[in-house]
Amino acid sequence: QVQLVESGGGLVQPGGSLRLSCAVSGSIFRINTMAWYRQAPGKQRELVAGITNSGSTNYADSVKGRFTISRDNAKNTVSLQMNSLQPEDTAVYYCRCDVVRAATLTIYPYWGQGTQVTVSS
C-alpha cells in the first residue's frame with residue numbers, strides 16, 4: 001500500500017503565502033514525477049506544477065513566478081511554496097505521485113486526499 005498525506009492548506013489574504021506539503025509512505029521502490037493539481041468549484045482539475053526525480057520542473061502559466069515546487073527524495077516528500085496568492089488560486093489542491101511499487105516494479109499514479117486553499121480578504 002502507498003499513502004499520500006497532504007498538509008498546509010488554509011485561508012490566506014490576497015498577496016499572502018502558503019506552503020503545501022505531501023508525504024508519501026508505503027511499499028515504494030521509487031517515485032517518478034511528483035505534482036500538484038488543483039480543482040476549483042465548477043472547474044476541471046488542472047496541473048499546477050510538476051517535478052521529476054531528477055529535479056526538472058514545469059508550471060502552469062498562471063502560477064509561474066509565484067509558485068515553486070520542490071521535493072526531497074530521501075524523505076519522499078514534495079512541497080509547493082505559493083506566494084502572491086490571489087482569489088483565483090482558491091481551490092482544492094491535490095498531490096499526485098507516479099510510484100514504482102516495490103512488490104511489482106510497476107508504475108501507478110497515486111493521489112492525495114486534497115487540501116483546501118482559500119484566498120480571500
Side-chain angles (χ1 to χ4, degrees):
Q1 279 284 38
V2 175
Q3 290 186 324
L4 277 63
V5 178
E6 299 155 352
S7 60
L11 172 65
V12 64
Q13 292 186 342
S17 298
L18 281 175
R19 185 177 180 86
L20 306 181
S21 294
C22 175
V24 187
S25 62
S27 183
I28 301 165
F29 177 76
R30 185 180 65 241
I31 303 175
N32 290 347
T33 298
M34 306 178 88
W36 288 94
Y37 286 72
R38 67 186 180 188
Q39 187 166 19
K43 295 187 176 181
Q44 289 189 333
R45 191 172 296 188
E46 63 174 357
L47 175 67
V48 176
I51 184 167
T52 67
N53 56 8
S54 62
S56 296
T57 59
N58 64 289
Y59 296 91
D61 288 343
S62 59
V63 307
K64 283 181 181 177
R66 300 187 298 123
F67 291 10
T68 302
I69 189 170
S70 60
R71 65 189 284 170
D72 185 329
N73 290 332
K75 296 181 179 179
N76 290 337
T77 60
V78 60
S79 298
L80 185 68
Q81 177 66 41
M82 304 185 294
N83 299 327
S84 301
L85 283 160
Q86 300 301 319
E88 52 266 34
D89 296 314
T90 296
V92 177
Y93 284 70
Y94 298 90
C95 172
R96 170 191 158 135
C97 297
D98 293 332
V99 177
V100 180
R101 294 187 278 194
T104 60
L105 298 184
T106 54
I107 301 172
Y108 192 83
Y110 287 90
W111 291 86
Q113 79 282 4
T115 184
Q116 177 70 46
V117 171
T118 303
V119 185
S120 175
S121 55

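Note: hydrogens, waters and symmetry copies are ignored here, and every other heavy atom, side chains too, is used.
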Write down the atom of [X], the atom of [Y], and the distance for their closest heavy-atom approach.
X      : Y     : result
Ser79  : Ser21 : OG-OG, 3.5 Å
Val78  : Cys95 : CG1-SG, 3.7 Å
Gly114 : Val92 : CA-CG1, 3.8 Å
Met34  : Val24 : CE-CG2, 3.9 Å
Val2   : Ser27 : CG2-O, 4.0 Å

Nearest 0.5 Å please: distance from the [atom1] atom of [X] over to the [atom2] atom of [Y].
X     : Y      : atom1 : atom2 : answer
Gln81 : Ile69  : CD    : CD1   : 12.0 Å
Asn32 : Cys97  : CG    : SG    : 10.0 Å
Arg30 : Asn73  : CZ    : CG    : 10.5 Å
Asn76 : Ile28  : CG    : CD1   : 4.5 Å
Thr68 : Met82  : OG1   : CE    : 11.0 Å
Leu80 : Thr115 : CG    : OG1   : 11.0 Å

- Message: I'd like to know whether Asn53 forms a side-chain contact (heavy atoms from CB on, under 4.5 Å) with Arg71, so could you lay out the CA-CA distance, the side-chain angles of the two residues, the decisive distance to 0.1 Å, and finally the verdict.
- Response: CA-CA 8 Å; Asn53 56 8; Arg71 65 189 284 170; 3.7 Å; yes

- Message: Lys75: which residues meet the salt bridge (Lys or Arg N to Asp or Glu O under 4.0 Å) condition with it, sequence neighbours left out?
- Response: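 Listed in chain order: nothing, the list is empty.
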
- Message: Restricting to salt bridge (Lys or Arg N to Asp or Glu O under 4.0 Å), what partner residues turn up for Arg45, sequence neighbours left out?
- Response: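 Scan of Arg45 (salt bridge (Lys or Arg N to Asp or Glu O under 4.0 Å), adjacent residues dropped) gives none.
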
By side-chain hydrogen bond (donor to acceptor under 3.5 Å, both in side chains) - contacts of [X] (at least two apart):
X      : result
Glu46  : Arg38
Ser7   : none
Tyr110 : Arg101
Thr52  : Ser54

- Under the ring-ring contact (aromatic ring centres under 6.0 Å, His included) rule, collect the residues that match up with Tyr37, sequence neighbours excluded. Trp111

Tell me, which pairs form a disulfide bond (SG atoms under 2.5 Å apart) where one or both residues lie in [range], sequence neighbours left out?
range          : value
residues 27-59 : none
residues 27-63 : none
residues 27-83 : none
residues 55-88 : none

- Message: side-chain contact (heavy atoms from CB on, under 4.5 Å), that's the test. Do Tyr59 and Ile51 meet it? Break it down for me.
- Response: CA-CA 9 Å; Tyr59 296 91; Ile51 184 167; over 6 Å; no

- With the side chain counted from C-beta on, respond yes when Ser70 and Arg19 share a heavy-atom pair under 4.5 Å apart, and no when they do not. yes

- Output the rest of the hydrophobic cluster of Leu105: all Ile, Leu, Val, Met, Phe, Trp and Tyr residues reachable through side-chain heavy-atom contacts under 4.5 Å, sorted by chain and number. Phe29, Val100, Ile107

- Task: Please indicate whether Gln3 has more than 12 foreign heavy atoms, meaning atoms of other residues, nucleotides or ligands, lying under 6.0 Å from its CD.
- Result: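 Result for CD/Gln3: open.
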
- For Glu88, does the CD atom have more than 12 heavy-atom neighbours from other residues, nucleotides or ligands under 6.0 Å away? yes

- CA sep, side-chain torsions, deciding dist, call: Ser120, Leu11, side-chain contact (heavy atoms from CB on, under 4.5 Å): CA-CA 7 Å; Ser120 175; Leu11 172 65; 4.2 Å; yes

- Message: Applying side-chain contact (heavy atoms from CB on, under 4.5 Å) to Val117 and Asp89, what does each step give before you reach the verdict?
- Response: CA-CA 8 Å; Val117 171; Asp89 296 314; 5.5 Å; no

- Examine Leu20 and Tyr94 and state if one hydrophobic cluster contains both, with Ile, Leu, Val, Met, Phe, Trp and Tyr joined whenever side-chain heavy atoms are less than 4.5 Å apart.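 They do not share one cluster, since no chain of ILVMFWY contacts under 4.5 Å joins Leu20 to Tyr94.
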
- May I ask you to decide if Glu6's main-chain N or O and Tyr93's side chain share a donor-acceptor pair within less than 3.5 Å? no

- Item | Donor-acceptor pair, side chain of Thr90 and main chain of Val119, under 3.5 angstrom |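 The answer is yes, because a donor-acceptor pair under 3.5 Å joins these two groups.
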
